[in-house]
Peer 1: 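A single structure is presented below for examination.
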Amino acid sequence: ILFSNKWVLSTTDTPLFFLLAQLVIAVVLFLIAHMAGLLQLPLKLDLQVCKGLIPMVGLNVIGLSFSNYTLKFVDASFYQVARGMVLPFTVATSFFLLHARPSLRILLACAVVTIGFFVGVFLDGTKVSVIGVSFGVMSSMITALHSVVIKRSLDVVHGSALHLSWYTNLLSACVLAPALVLVGELPGVMELLFGPNQNPPEQMSTLSTFVMGSLITGAFGFLMSLASLMSIKVTSPITHMVSSAVRGVAASLLGVWFFHEVVSQGRAASIGIILLGSIWYTWIKHVESQPASPSKAHYEPVPLEKLEEGAGSNGHASHHRHSQSTRDARD
């Protein structure tokens, strides 16, 4: 998905329209699966459910939009570095909203990830887009909030990840359609659909690239949205974010090969540090989730003097009871 997104965003100035096309394709696939009997969807929208999902839909639209803008302004290999603060932001969000107190080791793992982010942005020496990094940081914050809100939004749809994904894609498309007009993308959309081809003759046309990329990313995005919601449903939001971070780092490395981008030593070190911190965090969570081993019974040694004193006392008491019973028998 990362490769296809970058491929399309490199040839178009309409990232929100591209996102809208992906959401519409996902909605169409939902409807096809419903008509084929593969899924059961609530086609009659519940107004109360829609109201309850307003935070979820809002964060989804903003997060995906910022993510697309990030990928438009930065290289594919730098995309994960620009969004490298997802894990620290998610830990902080879980603390403030879910009252999940992190351990010291988790905070250290977040510090490692943060160091990796600053190495890639400030110490690399390679010129980076300030706009792209800013969108990446804001996208990380929204993603952290989104992963926590998903947990609460599942209660609105009675725990159904399928219904949540259906509502989220459908309502996000409805919100995004007027939003792209408000931000001024309509002229770019008209030029994309009806204007001349901007690509060289030996390459695929701009519109064909857009349509092909939308179909690929829309289909895989449909599957990924279901997988992501199921992941968060059965795991913690932070664990889900870590798996996304590790997957993103691997995708960035593959992007080097796909787009023939040059990765400096500083950028490679940044990706490695972020990956190391994420893996360390995963190991910490695994260790902390293990049940505590039952403590062994602890026996304190009794001093010999107390044993002898206790034996003497017992012997004296027995002798006293024996003498008392003998006198009672004589009487």
Side-chain angles (χ1 to χ4, degrees), residues 1-2 63 67 70-71 74-126 128 133 136-151 224 227-257 263-293:
I1 295 180
L2 175 67
S67 180
T70 303
L71 192 56
V74 302
D75 297 336
S77 60
F78 189 73
Y79 174 74
Q80 188 55 39
V81 176
R83 299 185 73 250
M85 294 297 291
V86 171
L87 174 59
F89 285 150
T90 308
V91 172
T93 303
S94 296
F95 173 71
F96 288 109
L97 298 183
L98 300 181
H99 307 291
R101 188 179 183 87
S103 65
L104 177 60
R105 291 189 297 177
I106 286 181
L107 294 178
L108 291 175
C110 292
V112 172
V113 173
T114 305
I115 291 173
F117 170 79
F118 281 104
V119 167
V121 174
F122 298 106
L123 302 181
D124 180 23
T126 305
V128 296
V133 173
V137 173
M138 290 187 291
S139 174
S140 300
M141 296 176 62
I142 298 300
T143 302
L145 287 171
H146 184 251
S147 63
V148 174
V149 170
I150 286 178
K151 281 284 190 180
M224 287 296 295
S228 297
L229 290 175
M230 290 301 297
S231 173
I232 292 183
K233 182 179 180 180
V234 300
T235 63
S236 70
I238 302 179
T239 303
H240 167 74
M241 286 299 101
V242 170
S243 65
S244 300
V246 174
R247 185 175 64 247
V249 171
S252 297
L253 296 177
L254 291 175
V256 175
W257 168 77
V263 178
S264 63
Q265 293 182 353
R267 185 172 296 184
S270 173
I271 295 174
I273 294 173
I274 293 175
L275 181 60
L276 178 63
S278 301
I279 294 175
W280 187 26
Y281 166 83
T282 306
W283 177 81
I284 293 171
K285 290 296 290 183
H286 171 72
V287 172
E288 293 182 352
S289 64
Q290 298 300 311
S293 57

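Sequential numbering from 1 along the given sequence is applied to the chain's residues.
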Peer 1: How close do R101 and F95 get, counting heavy atoms only, and between which atoms?
Peer 2: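 Nearest pair, atom of R101 first, then F95: CA-CD1, 3.9 Å.
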
Peer 1: Considering residues at least two apart in sequence or located in another chain, which fulfil the side chain to side chain donor-acceptor pair (under 3.5 Å) criterion with T70?
Peer 2: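 By the side chain to side chain donor-acceptor pair (under 3.5 Å) rule, T70 matches no residue at all.
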
Peer 1: Does the side chain of V121 come within less than 4.5 Å of F78's, by heavy atoms?
Peer 2: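 A side-chain contact under 4.5 Å exists here.
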
Peer 1: Return the set of residues passing side chain to side chain donor-acceptor pair (under 3.5 Å) with S139 (not counting sequence neighbours), or none when no residue passes.
Peer 2: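 Result, side chain to side chain donor-acceptor pair (under 3.5 Å) vs S139: R83.
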
Peer 1: Minimum heavy-atom separation for A144 to T93, with atom names?
Peer 2: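 Closest pair (atom of A144, atom of T93, distance): CB-OG1, 3.8 Å.
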
Peer 1: Can you tell me if S67 uses its side chain to pair, donor with acceptor, with the backbone of G63 under 3.5 Å?
Peer 2: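 Pair absent, no side-chain N/O of S67 close to backbone of G63.
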
Peer 1: For residues 102-109, which side-chain N or O atoms pair as donor and acceptor with protein atoms under 3.5 Å away, sequence neighbours left out?
Peer 2:
| unit_1 | atom_1 | unit_2 | atom_2 | d |
| --- | --- | --- | --- | --- |
| S103 | OG | I106 | N | 3.4 |
| S103 | OG | E288 | OE2 | 2.5 |

Peer 1: Search all heavy atoms of V74 against all heavy atoms of Y79 and return the closest pair with its distance.
Peer 2: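 Minimum heavy-atom separation between V74 and Y79: CG2-CA, 4.0 Å.
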
Peer 1: I'd like to know if the side chain of T114 and the backbone of C110 have a donor-acceptor N/O pair within less than 3.5 Å.
Peer 2: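 At least one qualifying donor-acceptor pair exists.
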
Peer 1: Look up atom OG in S94 and atom CG in L145, then write down how far apart they are to the nearest 0.5 Å.
Peer 2: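 That separation rounds to 10.0 Å.
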
Peer 1: Measuring from M138:CE to T143:OG1, what's the distance to the nearest 0.5 Å?
Peer 2: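 Rounded to the nearest 0.5 Å, the CE-OG1 separation comes to 12.0 Å.
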
Peer 1: Over all heavy atoms of both residues, which pair between S140 and V86 is shortest? Give the atoms and the distance, please.
Peer 2: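 That closest heavy-atom pairing would be OG-CG2, 3.6 Å.
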
Peer 1: If every non-hydrogen atom of V81 is compared with every non-hydrogen atom of F117, which pair is closest and at what distance?
Peer 2: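 Taking V81 first and F117 second, the nearest heavy atoms are O-CD1, 3.1 Å.
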
Peer 1: Is there a side-chain contact (heavy atoms from CB on, under 4.5 Å) between V287 and W283 once you walk through the steps?
Peer 2: CA-CA 6 Å; V287 172; W283 177 81; 3.6 Å; yes

